[in-house]
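Single-structure report; data block below.
All chains are named by letter (A, B, ...) in the order of the sequence lines, taking the proteins before the strands, and each is independently numbered beginning at 1.
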Number of protein chains: 2
Amino acid sequence: MPKAQRMAQMLTVAEEIFAEQGYLATSMDEIAERVGVSKPMLYEYFGSKEGLLIGCIHRARTELREKTAAAIAGAQSPEEFLRLGLRAFFEFIDEHRRSWALLRQEAAVAVPSAQEEVEGIRQQQTDMIGAVLASFTPDIDPLEAEAFAEIVVGATERLAVWMERRPSVGPALATDYVMAVIWPGVAMKLPAPAPHA
Amino acid sequence: MPKAQRMAQMLTVAEEIFAEQGYLATSMDEIAERVGVSKPMLYEYFGSKEGLLIGCIHRARTELREKTAAAIAGAQSPEEFLRLGLRAFFEFIDEHRRSWALLRQEAAVAVPSAQEEVEGIRQQQTDMIGAVLASFTPDIDPLEAEAFAEIVVGATERLAVWMERRPSVGPALATDYVMAVIWPGVAMKLPAPAPHA
DNA sequence: CTCGTAACTTACTTCGAGTAACCTACTGCG
DNA sequence: CGCAGTAGGTTACTCGAAGTAAGTTACGAG
């Protein structure tokens, strides 16, 4: 099998098993077996168990960034930006139900460098939110903008986990809930109605 | 040394080393050495490395619950409940700076049962918030109340991590930020001004 | 001073991450 | 056809850390 393909397969299998059993409880031999290959191949491709985990997170991160960027492309107001971004995020989670808890919550623990990758995801989100906020209200206190972005990311992350436990709650409703709670508080910080629309 | 005392000492040392190096990178021998005792004693007291970790989380959880309960005891309005509860939480984090990221974020990963303990902390918080909300607005949609509690917990948790990175932000300011974002959205759900005060 | 037990230690076993060294099957080419 | 080079792969190890079995010391009560 060609390299790129094998690598993708390994990531897929690893993500699956990690999600099932947790990072620690999973052995490299186990992953290798399910891939249908021997352990040293995993080391050939990812260097270490930690590297494999990071590979999983990194791939998820890339996919999330692309989907989010695409989703918010046409937004015209800060409210629309937020709503579309949140929606894209929850949809992403919805597609990755099982893997998510691992990649974001569990995995972060195990290895410091995985923690960094996960922080990278959050950074991506807070940056995006911060940028949106700043572009619509240039005179906002930077520290406050940062706090706001963190709050939204935290709320969203937690609600994503909750959504997994509540099958009746889908991406649309989750988005509504978050917006209902945070939007009034944010709107108060913004200039009058809206710049131009 | 008597058992109870030894146990407390072990928890303190373990929390410290886990926070310094992370759960995985820490060996039981290392903890034992720093306690000034041999490894099997740790197993005598906690059964496993996982058990030791859970012991750490459990102790933190108990302390947090007690402090929060004491803090909100005298609150008269939902706003005051929330504010005092948040304040107590951020103060707790502030006192446990280094341990926090570990116990809540990193550690959760490694072992599924630690994850459960950590979820217990969150459960404690969401329950408390849900109860406050329900007591002031009995006719609120239960699902919505739950979502709200999750949002607040998520926002708070994330802001706590952020606070660690920003020395200039203390518990008071963190509380203000969270309240500024979420309170307007919540107030809209409440009945008129306030029941009696 | 010796019995009993709480608190502790030394010396293992086991299991999984990581590695060294070797193998195979295909591709292009004289 | 036959052979060289290499991508992709395997077997068989080492080593470190979790967990354990069996024995040892300290010390208060009779």
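- Ion pairing between B/E63 and B/K67 holds under the 4.0 Å rule for side-chain N and carboxylate O.
- No side-chain donor-acceptor contact under 3.5 Å links A/Q9 to the backbone of A/Q5.
- A cation-pi arrangement, defined by a distance under 6.0 Å to the six-membered ring centre and an angle within 45 degrees of its axis, is absent between B/K49 and B/Y43.
- For the pair A/D29 CG and C/dT14 P, the computed distance is 18 Å after rounding to whole Å.
- The distance between atom CG of B/L52 and atom C1' of D/dA17, rounded to the nearest whole Å, is 15 Å.
- Going from atom CG of B/L24 over to atom P of C/dG16 covers 15 Å, rounded to whole Å.
- Put simply, B/R6 has no side-chain N or O that comes within less than 4.0 Å of OP1 or OP2 on C/dA6.
- If you take CD of B/E44 and P of D/dA18, they are 18 Å apart, rounded to a whole angstrom.
- Side-chain proximity of A/Y43 to C/dA17, C/dC8, D/dA18: nearest is C/dA17.
- Within the 4.0 angstrom heavy-atom criterion, base atoms lie near A/P40.
- The interatomic distance linking A/E33 (CD) with D/dG9 (C1') rounds to 16 Å, in whole Å.
- The distance from atom CD of A/E50 to atom P of C/dG18 is 8 Å, rounded to the nearest whole Å.
- Side-chain proximity of A/K49 to C/dG18, D/dG9, C/dA7: nearest is C/dG18.
- Residue A/S38 is classed as a base contact, given a heavy-atom separation below 4.0 Å to a base.
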For this session: Output, in order, the C-alpha distance, side-chain angles, deciding distance and verdict of side chain to side chain donor-acceptor pair (under 3.5 Å) for B/T12 and B/R59.
Result: CA-CA 10 Å; B/T12 303; B/R59 192 172 68 162; 3.3 Å; yes

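- Nucleic acid contact for B/M28: sugar-phosphate only, since backbone atoms but no base atoms lie under 4.0 Å from a heavy atom of the residue.
- For the residue pair B/Q125 and B/E157, no side-chain donor N or O sits within less than 3.5 Å of a side-chain acceptor on the partner.
- Taking atom CZ of A/F46 as the reference point, atom C1' of C/dA17 lies 16 Å away to the nearest angstrom.
- Of the listed nucleotides (D/dG9, C/dG16, C/dA7), C/dG16 has the atom at the smallest distance from the side chain of A/S27.
- Ranking C/dC8, C/dA17, D/dG19 by closeness to the B/S48 side chain, first place goes to D/dG19.
- In this structure, the NZ atom of A/K3 is 10 Å from the P atom of D/dG9, given to the nearest Å.
- One can find a donor-acceptor pair under 3.5 Å joining the base of C/dA17 and the side-chain atoms of A/K39.
- The residue A/Y45 sits close only to the backbone: its heavy atoms come under 4.0 Å of sugar-phosphate atoms, none of a base.
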